Undergrad: 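This structure is in structure tokens; I'll ask about it shortly.
Keep in mind that this is a model prediction, so the values were computed, not measured.
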Amino acid sequence: MVLLFLKGIVIGFTVGFLVNQLSWKGFLLSITSVAPQNLLIVPAYLLIVASSMIFVFM
């Protein structure tokens, strides 16, 4: 769970930095480069973490 939390911080920092430095170009860059892979990875990680937590507490 800690690693998932840190991944969220890193993604948020990356997008925030790009938008802060490049304005609309940074926003478009983050939408095209950061968002697509994370639309699949983050839900998969959430499922894995939830499954592992269920397994631990059984």
Undergrad: I need the minimum non-hydrogen distance between Ser30 and Leu18, along with the two atoms involved.
TA: CB-CD1, 4.1 Å
Undergrad: Starting from Met58, walk the hydrophobic network (Ile, Leu, Val, Met, Phe, Trp, Tyr; side-chain heavy atoms closer than 4.5 Å) and list everyone else you reach, by chain and number.
TA: Ile54
Undergrad: State the CE-CD1 distance between Met53 and Ile48, to the nearest 0.5 angstrom.
TA: 14.5 Å
Undergrad: How would you list all residue pairs meeting ring-ring contact (aromatic ring centres under 6.0 Å, His included) that involve residues 7-42, not counting sequence neighbours?
TA: Trp24-Phe27
Undergrad: Counting heavy atoms not belonging to Leu3, are there more than 12 under 6.0 Å from its CG?
TA: no
Undergrad: Nearest 0.5 Å please: distance from the OG atom of Ser51 over to the CG atom of Leu46.
TA: 10.5 Å
Undergrad: If you compare all heavy atoms of Asn38 against all heavy atoms of Val34, which two are closest, and at what distance to 0.1 Å?
TA: ND2-O, 2.7 Å
Undergrad: With sequence neighbours left out, what residues match Tyr45 under ring-ring contact (aromatic ring centres under 6.0 Å, His included)?
TA: none
